[in-house]
Every structure is written in C-alpha cells, then in structure tokens.
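Single-structure report; data block below.
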Amino acid sequence: MKSKWKNASLTGWLFVAVPAGLILLFSFYPMYQSLLLSFQSGKGSVYNYVGFNNYVRLFSDPIFKQATFNTLLYLAIQVPIMLILGLVIANLLNKPNLRFKGFYRTAIFLPCVTSLVSYSILFKSIFAVDGIVNQLLMKMNMIDVPIAWLLDPVWSRVVIIVAITWRWTGYNMIFYLSAMQNIDPSIYEAASIDGASKTRQLFTMTVPLLKPIILLTMITSTSSTLQLFDEVVNITAGGPGNATMTISQYIYNLSFMYTPNFGYAATVSYAIVFMVAVLAFIQMKVAGDKK
Amino acid sequence: MKRIRLMMVHTFLILATVCSLFPFLWMLVGMTNSSSDIVKGKLKIGNMLSTNINKLLEITSLGNSFKMSLMIAVIGTLCTLVLCSMAGYGFEIYRTKGKDRLFGVLLLSMMMPFAAVMIPMFRMFSQAGLLNTSTAVILPSMTTAFMIFFFMQNTKSFPRELLQAGRVDGLGEWSLFFRIFVPTMKPIYAAASIITFMNYWNSFMWPLIVLQTQDKKTLPLVVSSLASSYNPDYGVIMVAIVITTVPTLVIFFLMQKQFVQGMLGSVK
C-alpha cells in the first residue's frame, strides 16, 4: 500500500516536472543571466565584469530618464482612465432590463481580438494630419488648423493613450461585469429603499465588493503598461525625438537597433523589474490595508 | 426623470459602441481605397481593392507568412494545452506541500518582465542555432504560470470519483489523465486554446527579435514592416490588417462564450 502511494506521488512529480522545468529554463534562468549581464560590458561575445558601472550610467542617461518618464506618464494617466471607464460601462451594462445589452457588450469588447500591431497602425492612419479625426474636429469647430498628432511630443502621447484605452477598456470591463453578476441583487434593493442613489451605490457598495478584481486588473494593467512596446513602436516608433519612447523600446533599441550593448540593456531591464515589483507591492499593500 | 436618465445611458453606450467599432469599419473601407485617400480620411468604399491585394501579394510573401503564423499558433497552442494541463492536473490532484511550494515559485515568473528575459533568451536561441525558426517563437511561451494556474483552478471542480472509478477498473495514472480527465474537461480545453491561439497569433516582440528573414515573418511582422517603410502604402496595409484580423474575429464570434471563459479563467 505504502509503495503504491509513493508511486502515485512520483507520478505527480512527473506530471509537473517538464512544464516546471520549461518555466525555470525560459524565465528564471534568463532572469538570472540578465542580472549577471547587467554587471558586464562588452561587444560581440566578449563580456567583462564592470561592477556597478552600468547602474551608474543609468542615472546620467537622458534617454533612460525620458523613457522612464514616458512610461510612468502612460501608467499614471492611461491606467486610471481605462479602469474607471471600464467600471462605469460595466455598471451600466449590469442593469438587468437594459435593451441591446448584449450588443453593447460585444461591441465594446471587440477591440480585444485585434492584434496590437494592427490596431496601432489603424490608429496611426486615423490620426494622420489630413486624416479623419482632424476633419471631424474641424467640422465641429473645435480646432481651426489640423493638429499634427504624431509630430507633436504632447499630442503623440495623447494618441498612444487613446489607442491603448480603445484596445483594453472592454477587456477590463468584462472582468468587472462578470464579478458584478456574482453580487446578490437584493443588497441593491435594500439600499434603494434606504434612499441611496445609483451613483452612491456604485461607490459605496459595488466598488468595495469588487475590490479583489479591481486589484487584479490594476496589477495586470500596471505590469503591461510598464512593458509597453508594440503600440509605441508601431504608432510613433518612439518619436518625435524620443518623446514617446518607453523603457521596453529603449531596451530593444540598445540590444538590436544600435550597436548591441546587451550588458547595459540588461541593466535597463532591471529597472523595469524593480518598478513592477515595487508597484505590485504598493498596490497589494494599499488594497490589503483597507480591508 | 427616469426616461432622461435612460436616454443618457443609451447615448453614452452608443457613443462607446461607435468608438469601439469605428476602427473595424475603417480597415474594411480602407482596403478598398488608395493610400492617399486613406490619410485624407476618405470614408467611402473605393475601387482599389484588387489593386491593393495584388500589390500586397507582390511585395510580401504573404502565403508564407500566413502559413508561418498559422503553424506557430496551432503547434504552440497544442503544446501549451498538453504541458499546462498536465502541470495543472499534477499540482491539484497529487497535491503535496512540496508541489505547492514549487507552484508558488513558478508564479513568480508572472512578475518577470519580458524585456528582462529576452536578451539572455536571444543569446540562448542564437547559440542553439534556432534563430529564424518557428521553434524559437513557440518554445518560450508554451508553458506559462498563468495557464497552469488556469488548469489548476478548473481541476478543483473535476469530480474525483471518476478517477477512483478508473483506478478500480485498473487504469494506470497516465491513462486516468488522458482517458478520463482530458475528455471530461473538453470545454476547459476549448477556452484555454482560444486564448493561447490569440496570444501566439498576435505576438509581436519576440517574433520580431528571432525571425529575421522575409520568408519567415509572421503576419504582425509583415504589417509592421509595411507600415514602417519610408513611404507606407496604407491601402495595402489595410488588406494585410484585415487578413490578420479576420481569423481572430471568426474565432471570437464562433466561440464567444469560451473566449470570455478563457480570459476570466482563473479569476472565478
């Protein structure tokens, strides 16, 4: 009997061994290599340890500072807009007898099936100087001269934020909607009888009940914004100047566009590791404390 | 008062719907127009469709790219399903403290930014002589902690009496998995496969790094390189975008329920 159990336990390890091994090989091992690499400098296949040189360089590198600023700017502006918008739409769609509910839900979710490259280029063409958005704004008399969206440092960031919001709002909305459908409707009836308005109900009842899911969407969108690459490369290629460049794109450029400098690129990548870890920690701490 | 409120709700939702759907209309109309009309914002159907298609076929090896994309997505998805469901099953059914700890460690990989992993991985694949192959695209993302977690969560609701009954019938542990678990969990596999397929089909950064020659490029790489050329032809690009997007749209409309289930997957 005992040997049979041992057998079963061994089988259990066999089930997990290969997949676990692959994750170790393709995530943990490269992470470790990257850390080693971040203390090295060199070209081609010859790399030497240079101590903290790369890290010192980081703090005086204007492009790194610009890329970090841009990335954090997208994070600070885009993520809150998207999550609040997703929450508001989910709340409207959660009404039991709203007409065309299914149609709205599908339509707003649909951007999620597009590839990041495709939608980026669609937005690039929509925001062309003589393009459809400028024409619309001019017809509505909101602007007199066309805005050079992608040639202006501020407007190009706006385009990127608008594009990402278009792609991901429906995605987050679906998470909220499914969580809202698990809330017992009778608590809202009780609140309505007590005279709480719909808006008040959203903020004092729905949001606290959705806290775990809001935290989840916050962490996932924070982490993906910190790693932003596809959109920026395809909409603006980082320009004008480096006005829209993100950290991931800078790492890519350092490794594969300029003369390859894998050592310094690895150092920059550890800046993202650091930021992801710190922000996830803060978010979990803040959400945990309010319990 | 209530009517006005309801009207405002609909107005807002219609506006959101129009914004969501407009880029789809834009790409469909765009593929029938010339590049200069597109950047001038033309919203009427033109007569350039066949010209655009012919030019796209001429300047890219689209057939190859479509095959490459499809092969990567299909093989990648199959490998992911086998490996991640095996692991999820193993972690849940043969649960021990040691395995729980290992799983906890694996979850950390979800916090590892791809940019930090890609350089050593690029060197690894380069040393192995695997650059410019579909293998290089498939291997790194076929086992993810996310998918293992997804299968683990769904295994929790799997009726274990079935396994017990199978053991009584004399099935070995591996047959239990392949002959009882897999067939019972078909809907879960469907959900997981859609999400995985989409991820492979749409992936950009890693293929961009490892696939280097024209004939190996996947569809997103083709679209991207067309658009980043000195004088991009948007009519042609729109055709390429439509070709890239239609398969995922079809899958979405055929399997909307499984799609959402796969996405929400481990949350519920």
Side-chain angles (χ1 to χ4, degrees), chain A residues 8-9 11-12 15-16 18-20 22-23 26-28 30-31 33-34 37 89 92 104 107-108 110-111 113-119 121-122 124-126 128 130-132 135 166 170 174-175 178 213 216 226-227 229-230 234 237 248 251 255-256 262 265-266 269-270 272-273 276-277 280, chain B residues 9 12-13 16-17 19-21 23-24 26-27 30 38-41 43 83-84 86-87 89-91 94 96 99 102 106 109 111-117 119-121 139-140 143 145 148 173 198 201-202 204-205 209 220 223-224 227-228 234 237 241 244-245 248-249 252 260 263-264 267:
Chain A
S9 165
T11 320
F15 271 106
V16 303
V18 175
L22 286 168
I23 291 185
F26 292 122
S27 292
F28 286 83
M31 274 302 275
Q33 286 291 319
S34 209
L37 207 50
I89 294 173
L92 294 178
Y104 289 138
I108 295 170
L110 208 57
V113 307
T114 59
S115 80
L116 302 185
V117 174
S118 301
Y119 96 83
I121 289 159
L122 289 175
K124 189 180 173 183
S125 63
I126 288 172
D130 302 319
I132 186 102
Q135 285 180 21
W166 177 82
I174 290 287
F175 279 87
S178 92
I213 208 90
L216 178 92
L226 286 177
Q227 301 186 47
F229 179 79
D230 300 17
N234 288 296
S248 281
I251 297 168
S255 318
F256 304 107
F262 289 143
S269 76
Y270 261 80
I272 302 190
V273 176
V276 170
Chain B
V9 167
F12 177 76
L13 288 172
T17 303
C19 291
S20 290
L21 295 183
F24 291 96
W26 180 250
M27 73 179 184
I38 292 170
V39 290
K40 279 184 206 140
L43 252 184
L83 289 164
C84 294
M86 249 168 59
Y89 177 86
F91 278 122
Y94 305 96
T96 58
K99 285 194 206 80
L102 174 63
L106 294 185
S109 68
M111 301 287 291
M112 296 177 183
F114 183 71
V117 179
I119 299 165
M121 210 147 74
L139 274 180
T143 29
I148 295 178
E173 296 297 309
M198 296 266 181
W201 184 263
N202 291 335
F204 175 64
M205 193 181 193
I209 294 168
V223 173
S224 176
S228 60
Y234 281 104
I237 295 168
I241 290 179
T244 312
T245 312
T248 54
L249 269 177
F252 172 74
V260 172
M263 208 183 84
L264 298 175
V267 181

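Computed over heavy atoms, backbone and side chain alike; hydrogens, waters and symmetry mates excluded. In what follows, chains carry the letters A, B, and so on, assigned in the order in which the sequence lines appear, proteins first and then strands, with residues in each chain numbered from 1.
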Inset, instruction - Give a yes or no answer on whether the side chain of B:T248 reaches the backbone of A:V113 with a donor-acceptor pair at less than 3.5 Å. - result: yes
Inset, instruction - May I ask you to decide if B:K40's main-chain N or O and A:Q135's side chain share a donor-acceptor pair within less than 3.5 Å? - result: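 Checked: pair present.
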Are the side chains of [X] and [Y] in touch, meaning some heavy atoms are under 4.5 Å apart?
{"X": "B:I148", "Y": "A:I23", "value": "yes"}
{"X": "B:W201", "Y": "A:S115", "value": "no"}
{"X": "A:L122", "Y": "B:F24", "value": "no"}
{"X": "A:P19", "Y": "B:T143", "value": "yes"}
{"X": "A:I89", "Y": "B:L13", "value": "yes"}
{"X": "B:P113", "Y": "A:L226", "value": "no"}
{"X": "B:M112", "Y": "A:V273", "value": "no"}
{"X": "A:Y119", "Y": "B:T245", "value": "no"}

Which of the residues [options] is involved in the greatest number of heavy-atom pairs with chain B at under 4.5 angstrom?
{"options": "A:A20, A:S269, A:G170", "answer": "A:S269"}
{"options": "A:G131, A:A277, A:A280", "answer": "A:G131"}
{"options": "A:V18, A:I272, A:D130", "answer": "A:D130"}

With respect to chain A, which residue among [options] yields the maximal number of heavy-atom pairs within a distance under 4.5 Å?
{"options": "B:G90, B:S228, B:G30", "answer": "B:G90"}
{"options": "B:L102, B:V223, B:L83, B:V9", "answer": "B:L83"}
{"options": "B:T244, B:L43, B:L106", "answer": "B:L106"}

Chain B heavy atoms under 4.5 Å from [X]: which part of the residue, side chain, backbone, both or neither?
{"X": "A:D230", "value": "both"}
{"X": "A:S125", "value": "both"}
{"X": "A:A237", "value": "neither"}
{"X": "A:F256", "value": "side chain"}
{"X": "A:L37", "value": "side chain"}

Measure the [atom1]-[atom2] distance between [X] and [Y] for me, rounded to the nearest 0.5 Å.
{"X": "A:T114", "Y": "B:L249", "atom1": "OG1", "atom2": "CG", "answer": "8.5 Å"}
{"X": "A:W166", "Y": "B:C19", "atom1": "CH2", "atom2": "SG", "answer": "10.5 Å"}
{"X": "B:S20", "Y": "A:I108", "atom1": "OG", "atom2": "CD1", "answer": "5.5 Å"}
{"X": "B:C84", "Y": "A:L22", "atom1": "SG", "atom2": "CG", "answer": "9.0 Å"}
{"X": "A:I126", "Y": "B:M27", "atom1": "CD1", "atom2": "CE", "answer": "11.0 Å"}

Heavy atoms only: give me the nearest [X]-[Y] pair and the separation to one decimal.
{"X": "A:S34", "Y": "B:A116", "answer": "OG-O, 2.8 Å"}
{"X": "A:P30", "Y": "B:V117", "answer": "CB-CG1, 3.4 Å"}
{"X": "A:Q227", "Y": "B:F114", "answer": "OE1-N, 3.0 Å"}
{"X": "A:F28", "Y": "B:S109", "answer": "CE1-CB, 3.9 Å"}
{"X": "A:V117", "Y": "B:F204", "answer": "CG2-CD1, 3.3 Å"}
{"X": "B:A227", "Y": "A:K124", "answer": "O-NZ, 3.4 Å"}

Inset, instruction - Name the region of B:F91, side chain, backbone, both or neither, that has any atom closer than 4.5 Å to a heavy atom of chain A. - result: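 It is both, since atoms from each part get that close.
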